[in-house]
Structures are given as C-alpha cells and as structure tokens.
> 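Have a look at this one.
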Amino acid sequence: MNVLRETASQTAGPYVHIGLAPQQAGFEIFGNNFGNVLVTPQTQGERIRIEGTVIDGSGTLLRDVLVEIWQANAQGKYNHPGDRQPGKAVDPTFRGWGRACSDFDTGLYSFETIKPGPVTGRDGRIMAPHVNFWIVARGINVGLNTRMYFSDEAQANAADPVINLIEWEVRRKTLIAKREDRAGKVVYRFDIRLQGDDETVFFDI
Amino acid sequence: MFGRTPAADAEFMMRDTTSHPPAYAPAYKTSVLRSPRNALISLQHSLSEVTAPVFGASELGPVDNDLIKSCAKSGLPVGERLIVHGFVRDQFGRPVKNALVEVWQANASGRYRHKKDQYIGALDPNFGGCGRMLTDENGHYFYRTIKPGPYPWRNRVNDWRPAHIHYAISGEGWVQRLVTQMYFEGDPLIATCPILRSVPSDEQIRGLIAQQDPGAFVQLDSRAYRFDIVLRGHRATLFENHVQGAAE
C-alpha cells in the first residue's frame with residue numbers, strides 16, 4: 001500500500017525569530033503574538049516559571065534557539081479533543097502551549113506556566129507530571145523532542161513509563177528539572193545539552 | 001488510500017528517518033556541535049504525543065497572510081509579486097484541517113529584517129518577511145508575498161543559500177510538528193546548497209521545491225507557486241488503541 005513520505009525537515013535557521021517571534025527579531029507586525037506566558041489570572045494551578053539554557057557540544061550556550069512546550073493542565077488534561085480521560089475538565093483559560101526564544105545575550109529561555117497534573121499513559125499507566133519540549137535552531141536539522149519532569153515528584157518519576165524506558169539510568173537525570181524557591185516564586189531550572197557529557201535524552205516520537 | 005477515519009486520539013505513523021537529514025551533517029558546519037550523539041529513545045505514543053495545541057482564526061489578523069500588505073508603510077515592497085499555495089495532508093493523503101502554517105523569508109535583496117542579520121543587501125522599509133495562516137477544510141493554505149533573494153552565508157566562504165521560504169507547521173498532533181524550507185523550481189543554487197543537500201534522497205529534495213503554477217496566476221499582477229506539505233500519517237488502528245487506557 002502506498003503511503004506518502006513526510007516532507008523533509010530543514011533547519012529553522014538563525015532568523016527563526018522573524019517568523020515565530022518577530023518582536024525578538026526587532027519589529028512589530030502581528031496584533032497578537034504567540035509567546036512564553038501560558039497563564040491568565042484565572043488559570044487554575046500552581047504558578048511556576050520554567051527557565052534554562054540550551055548548550056552545544058563545546059559547552060557554549062545557544063543564543064539563537066527556539067523552544068516550544070506543550071503540557072496538560074493542573075488536572076492532567078490536555079486541551080485537545082483527543083483527550084477523553086474521564087473525570088478531568090479542560091481549563092478554558094489554559095491552552096497549554098507556549099513558545100520562547102533564548103535571550104541573545106544571556107542564552108536564557110523561560111516560560112510562565114502552571115505545574116501540570118499527571119496524565120494517564122498507555123495501557124492505563126500513569127505518567128508523572130511532565131512538559132513536552134520541542135527545540136529548533138540553526139544547526140538542528142530535525143526539531144528535537146524531549147520531556148521535562150519535576151524534581152519534587154521523585155515517587156511519580158520512579159514509576160513513570162517513559163523514564164523507565166531509558167535503559168541507561170545515569171541519563172534519566174537529564175530530564176529532571178530542579179525546583180528552586182526564588183523570593184517566593186517557584187522556578188524549575190531545565191538546561192538542555194545537545195551533545196557531550198550529560199547529553200539530554202531526546203525522543204523519537 | 002484514506003481508509004477509516006482515525007480517532008482524535010489515534011497514534012501516528014512512526015517517523016521514517018530516511019526522509020530527513022541526519023542530525024550530524026558535517027557539510028552544514030553548524031550541525032556538528034548541535035547534533036546529539038546518542039540514539040533517540042523511541043516512544044510509543046501517549047496523549048502527550050497525539051495531542052497538540054488548537055488554534056483559532058480569531059488569533060490571526062486579516063493581513064497576516066499577505067506579506068505584501070502587512071508591513072507596507074510608505075508604499076509596496078520591492079520584488080516579484082507571488083502567491084504561494086498548497087495543501088497540507090498526512091501520509092495517507094487526508095487533509096490536515098486547521099493546521100497553523102507560519103512562514104518567514106528574506107526580502108528581494110536577500111536581507112532579513114532581523115537585528116542579527118548584517119548582510120549588505122538593503123532592508124526594504126515596506127517588507128517585514130513573516131506571515132501565518134490556518135489551513136481550511138481541505139487542508140489548503142495560501143499567502144501573498146514577494147520572491148526572496150538568495151544570499152551568502154558563513155559556511156564556506158562562497159556558499160549562497162538558494163531563494164527559500166521557511167515554514168513551521170503545527171498539525172493535529174505534537175508529533176506532526178515540522179519545520180522546513182521551500183525552494184523555487186529552476187534555481188541554480190539548489191544544486192550546491194549544503195543545507196538542502198543534507199536531505200538524503202533526490203525524491204525528498206524534489207518535495208521541497210515549489211513548482212510554478214500558472215493556473216493560480218493573477219492576471220497582470222502576480223505569479224504563483226504550489227507547495228504541498230505532507231505531515232505524519234494519522235493511523236486508524238484496529239483493536240489496539242491503548243493510548244489512554246487498557247485494551248478492551
């Protein structure tokens with residue numbers, strides 16, 4: 001049977017900001033910009049900030065990277081018609097998707113969001129709370145997928161079916177963001193290493 | 001070829017990695033230090049992979065798909081007027097409806113409106129270089145722009161990018177997220193571009209080259225190019241949808 005081939009991926013290039021974050025490229029064009037704030041004042045859930053850097057094989061920070069996240073709401077429900085988990089409601093004020101670019105000087109990316117709840121995974125196994133990441137930049141030929149888990153969910157992480165797929169236990173820690181309390185604000189630090197020592201686990205999804 | 005309609009939580013076809021450039025493609029020098037060395041861990045799909053953000057028409061502005069108008073201040077942008085259109089389908093040929101298609105490009109001089117672009121090619125005060133739109137019920141999208149120019153880039157000292165338009169597409173599932181670039185039929189720089197040549201087959205390279213489409217020309221106004229996009233196929237599986245619960 002004939003199945004079409006997926007269109008080939010190409011790098012997002014150094015000027016990805018023009019298309020996906022024009023304010024960072026240096027100009028105003030759209031009335032409504034997609035950005036890194038996922039919450040409104042009405043959104044349910046614990047407010048968190050996710051921040052970090054993306055690091056190449058020489059230890060240098062990428063200052064031209066674009067990161068997107070996709071996550072469930074505080075109840076562990078995705079805002080999508082495919083999510084039929086019983087007993088969980090969509091939060092109409094929370095789409096669960098955001099986009100951020102690393103800062104041209106500091107290399108830091110960040111998101112303002114809420115901590116997601118656990119989502120039922122395959123065969124009814126519960127997945128620990130996590131945030132899905134997609135990373136594109138100059139020099140990345142196919143967008144990279146990974147997941148961020150939470151350091152304060154050690155028990156749930158230990159039972160997570162995806163973390164447990166990673167045969168090399170020493171690599172599992174690359175997916176765990178560290179919780180910090182910063183003047184009353186909850187910050188999770190998640191640095192992504194593209195290559196080299198402690199290379200982040202990336203997924204073929 | 002369509003077969004049964006997949007459920008909204010259906011799995012997608014696994015990615016055929018031979019359709020894509022390898023992460024490590026040394027002729028494209030920047031990829032050397034930005035490519036993972038470990039094998040990717042393959043996941044069976046859960047809700048996290050088969051769902052994705054849904055976008056609404058109200059989030060986009062009325063000229064977001066008209067790059068000729070969206071930044072015009074003192075006049076029209078310089079360059080060849082073009083319409084670009086095509087269909088976004090999945091690997092089974094099904095239309096991907098309501099997909100977010102975002103595009104960005106250099107101006108007619110090969111210069112990007114970007115604070116980090118130092119190329120000598122002139123900026124055009126009437127051209128921004130980005131647009132976005134949603135596909136319709138048939139998976140069709142279209143926008144209007146000017147033809148981008150080629151430009152030199154620091155790879156080898158005389159490497160030039162063929163004229164191209166960048167695309168980012170968000171479909172029905174997170175696994176369908178794709179970035180790519182569209183090239184123009186007949187461009188002599190296509191033969192030597194290290195970024196395009198990182199794609200491992202001529203068939204897949206051809207898929208990135210838009211064809212002139214006289215049927216969509218606007219008379220005495222604009223030419224047109226057709227560029228179709230294929231995203232990962234949504235499977236209609238039998239007896240085995242385990243994505244959010246036990247098998248029944």
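Quick note on labels: first sequence line is chain A, next is B, and so on, each numbered from 1.
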> On a heavy-atom basis, which atom in B:Ile41 and which in A:Val201 lie closest, and how many Å separate them?
CG1-CG1, 3.6 Å
> I want to check something: taking the side chain as every heavy atom from C-beta on, are A:Phe30 and B:Arg132 in contact at a cut-off of under 4.5 Å?
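Side chain of A:Phe30 against side chain of B:Arg132, heavy atoms only: contact under 4.5 Å found.
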> Does the Lys NZ or Arg CZ of B:Lys116 fall within the cation-pi geometry relative to A:Phe104 - under 6.0 Å from the ring centre and within 45° of the axis?
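Satisfied, under 6.0 Å and within 45°.
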> How long is the span from the CZ atom in B:Arg34 to the CZ atom in A:Arg138, to the nearest 0.5 Å?
4.5 Å
> Taking all atoms of both residues into account, what is the closest heavy-atom pair of B:Trp104 and A:Ala12, and its distance?
CZ2-O, 3.5 Å
> Return yes when atom CG of A:Asn32 has more than 12 non-hydrogen atoms of other residues, nucleotides or ligands closer than 6.0 Å, and no otherwise.
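Correct, the count exceeds 12.
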> What part of A:Val54 lies closer than 4.5 angstrom to a heavy atom of chain B: side chain, backbone, both or neither?
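Neither part.
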> Check B:Val54 against A:Asn79 and note the closest heavy-atom contact, atom names and distance.
CG2-O, 4.4 Å
> Strictly distance-based, threshold 3.5 Å: is any side-chain N or O of A:Arg5 a donor or acceptor partner for the main-chain N or O of B:Asp16?
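No.
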> Can you tell which of B:Arg232, B:Gln91, B:Arg15 makes a side-chain hydrogen bond (donor to acceptor under 3.5 Å, both in side chains) with A:Glu6?
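Of the listed options, the one satisfying the test is B:Arg15.
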> Heavy-atom count check: over 12 atoms from other residues, nucleotides or ligands less than 6.0 Å from A:Glu46 CD?
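Above 12, so yes.
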> Is it the backbone or the side chain of B:Leu196 that comes under 4.5 Å from a heavy atom of chain A, or both, or neither?
both
> Side chain, backbone, both or neither: which part of A:Pro14 has a non-hydrogen atom closer than 4.5 Å to chain B?
backbone
> Examine whether an atom of B:Ser201 lies under 4.5 Å from a heavy atom of chain A, and if so say whether it belongs to the side chain, the backbone or both; otherwise answer neither.
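Looking at B:Ser201, just its side chain touches chain A.
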> What residue, out of A:Ile29, A:Thr120, A:Thr200, has the most heavy-atom pairs lying under 4.5 Å from chain B?
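Counting heavy-atom pairs under 4.5 Å, the top option is A:Ile29.
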> If you count heavy atoms of other groups shown closer than 6.0 angstrom to NZ of A:Lys173, is the number above 12?
yes
> Could you tell me which portion of B:Tyr28 (side chain, backbone, both or neither) has an atom closer than 4.5 angstrom to a non-hydrogen atom of chain A?
side chain
> I need the A:Leu62 CG to B:Thr30 OG1 distance, nearest 0.5 Å.
10.0 Å
> Let me know if A:Phe203 has heavy atoms under 4.5 Å from chain B in its side chain, its backbone, both or neither.
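Backbone plus side chain of A:Phe203, per the 4.5 Å heavy-atom cut-off to chain B.
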> Looking at A:Arg147, A:Arg125, A:His130, which makes the most heavy-atom pairs under 4.5 Å with chain B?
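With the most close heavy-atom pairs to chain B, the winner is A:Arg147.
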> May I have the step-by-step check of side chain to side chain contact (heavy atoms under 4.5 Å, CB included) for A:Tyr78 and B:Ser48, ending in yes or no?
CA-CA 8 Å; A:Tyr78 283 104; B:Ser48 298; 2.7 Å; yes
> Heavy-atom cut-off 4.5 Å, strictly under: side chain, backbone, both or neither for B:Pro200 against chain A?
neither
> Between B:Phe55 and chain A, with a heavy-atom cut-off of 4.5 Å, which part of the residue counts as in contact: side chain, backbone, both or neither?
both
> Roughly how far, to the nearest 0.5 Å, is the CG atom of A:Asp83 from the CD atom of B:Gln244?
5.5 Å
> May I ask you to decide if B:Val179's main-chain N or O and A:Ser9's side chain share a donor-acceptor pair within less than 3.5 Å?
yes
> Against chain A, label B:Val103 side chain, backbone, both or neither, depending on which of its atoms sit under 4.5 Å from a heavy atom there.
backbone
> With only heavy atoms counted, which part of B:Leu67 is less than 4.5 Å from chain A, the side chain, the backbone, both or neither?
neither
> Once you measure the plane-to-plane angle for B:Trp174 and A:Trp134, does it fall in the parallel (<30°), tilted (30-60°) or perpendicular (>60°) bin?
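B:Trp174 vs A:Trp134 ring planes: perpendicular.
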> Give the intermediate values and the outcome of side chain to side chain donor-acceptor pair (under 3.5 Å) for residues B:Tyr183 and A:Gln10.
CA-CA 11 Å; B:Tyr183 302 86; A:Gln10 293 268 267; 2.5 Å; yes
> So that I can tick it off, tell me whether B:Glu49 and A:Arg122 are bridged by a salt bridge, with the cut-off set at under 4.0 angstrom between side-chain N and carboxylate O.
no
> Contact part of B:Ala168 toward chain A, heavy-atom cut-off under 4.5 Å: side chain, backbone, both or neither?
side chain
> Which region of A:Glu68, side chain (C-beta onward) or backbone (N, CA, C, O), has a non-hydrogen atom less than 4.5 Å from a non-hydrogen atom of chain B, or is it both or neither?
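Its backbone and side chain both get close to chain B.
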> How long is the span from the OG atom in B:Ser46 to the CD1 atom in A:Ile205, to the nearest 0.5 Å?
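One finds 9.0 Å between OG of B:Ser46 and CD1 of A:Ile205.
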> May I ask you to name which of B:Gly173, B:Cys71, B:Ser35 has the most heavy-atom pairs under 4.5 Å with chain A?
B:Ser35
> Is it the backbone or the side chain of B:Val175 that comes under 4.5 Å from a heavy atom of chain A, or both, or neither?
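For B:Val175, heavy atoms of backbone and side chain both lie under 4.5 Å from chain A.
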> Non-hydrogen atoms of chain A under 4.5 Å away: do they reach the side chain of B:His166, the backbone, both or neither?
side chain
> Of the listed residues (B:Leu178, B:Thr180, B:Leu60), which shares the most heavy-atom pairs with chain A below a 4.5 Å separation?
B:Thr180
> Which atoms of A:Phe202 are under 4.5 Å from chain B, going by heavy atoms: the side chain, the backbone, both sets, or neither?
both
> For chain A, which candidate among B:Val63, B:Leu208, B:Leu231 shows the most heavy-atom pairs at distances under 4.5 Å?
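Max contact count across the listed options: B:Leu208.
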> Looking only at non-hydrogen atoms, find the nearest pair between A:Ala8 and B:Ser19 and report the distance.
CB-O, 3.4 Å
> Relative to chain A, which segment of B:Val32 carries a heavy atom at a distance below 4.5 Å: side chain, backbone, both, or neither?
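When you check distances to chain A, only backbone atoms of B:Val32 fall under 4.5 Å.
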> Check each atom of B:Glu59 against the heavy atoms of chain A and say whether the ones under 4.5 Å are side chain, backbone, both or neither.
both
> Between B:Leu47 and chain A, with a heavy-atom cut-off of 4.5 Å, which part of the residue counts as in contact: side chain, backbone, both or neither?
both
> Please classify the contact between B:Met14 and chain A as side chain, backbone, both or neither, with a heavy-atom cut-off of under 4.5 Å.
neither
> Between A:Thr7 (side chain) and B:Val230 (backbone), is there a donor-acceptor pair under 3.5 Å?
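The answer is yes, because a donor-acceptor pair under 3.5 Å joins these two groups.
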> Would you say the side chain of A:His80 lies within less than 4.5 Å of the side chain of B:Asp9, judging by non-hydrogen atoms?
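Answer no - side chains too far apart.
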> Look only at the side chain of A:Gln195 and the backbone of B:Arg37, and say whether a donor-acceptor pair between them is shorter than 3.5 Å.
no
> To check you understand the geometry: which heavy-atom pair defines the closest contact between A:Gly19 and B:Glu102, and what is its length?
O-OE2, 4.4 Å
> Using heavy-atom distances under 4.5 Å, tell me whether A:Ile126 contacts chain B through its side chain, its backbone, both, or neither.
neither
> I'd like to verify something: which residue of A:Leu20, A:Asn145, A:Ile55 has the highest number of heavy-atom pairs under 4.5 Å with chain B?
A:Leu20
> Could you grab the distance from atom CG of A:Asp56 to atom CG of B:Leu33, nearest 0.5 Å is fine?
5.0 Å
> So which heavy atom on A:Leu165 is nearest to which on B:Ser42, and how close?
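Taking A:Leu165 first and B:Ser42 second, the nearest heavy atoms are CD1-O, 4.0 Å.
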> Below 4.5 Å, heavy-atom pairs only: which of B:Pro36, B:Ala106, B:Ala39, B:Ala8 has the largest tally toward chain A?
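Among B:Pro36, B:Ala106, B:Ala39, B:Ala8, the one with the most close pairs to chain A is B:Pro36.
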> Please check if atom CD in A:Gln75 has more than 12 non-hydrogen atoms from other residues, nucleotides or ligands closer than 6.0 Å.
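Yes - once you tally the heavy atoms of other residues, nucleotides and ligands closer than 6.0 Å, there are more than 12.
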> Does the side chain to side chain contact (heavy atoms under 4.5 Å, CB included) test come out yes or no for A:Tyr15 and B:Cys130, once each step is laid out?
CA-CA 11 Å; A:Tyr15 306 122; B:Cys130 57; over 6 Å; no
> Taking every heavy-atom pair that is under 4.5 Å apart, which of B:Gly207, B:Ser70, B:Gly61 has the most such pairs with chain A?
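Heavy-atom pairs under 4.5 Å are most numerous for B:Ser70.
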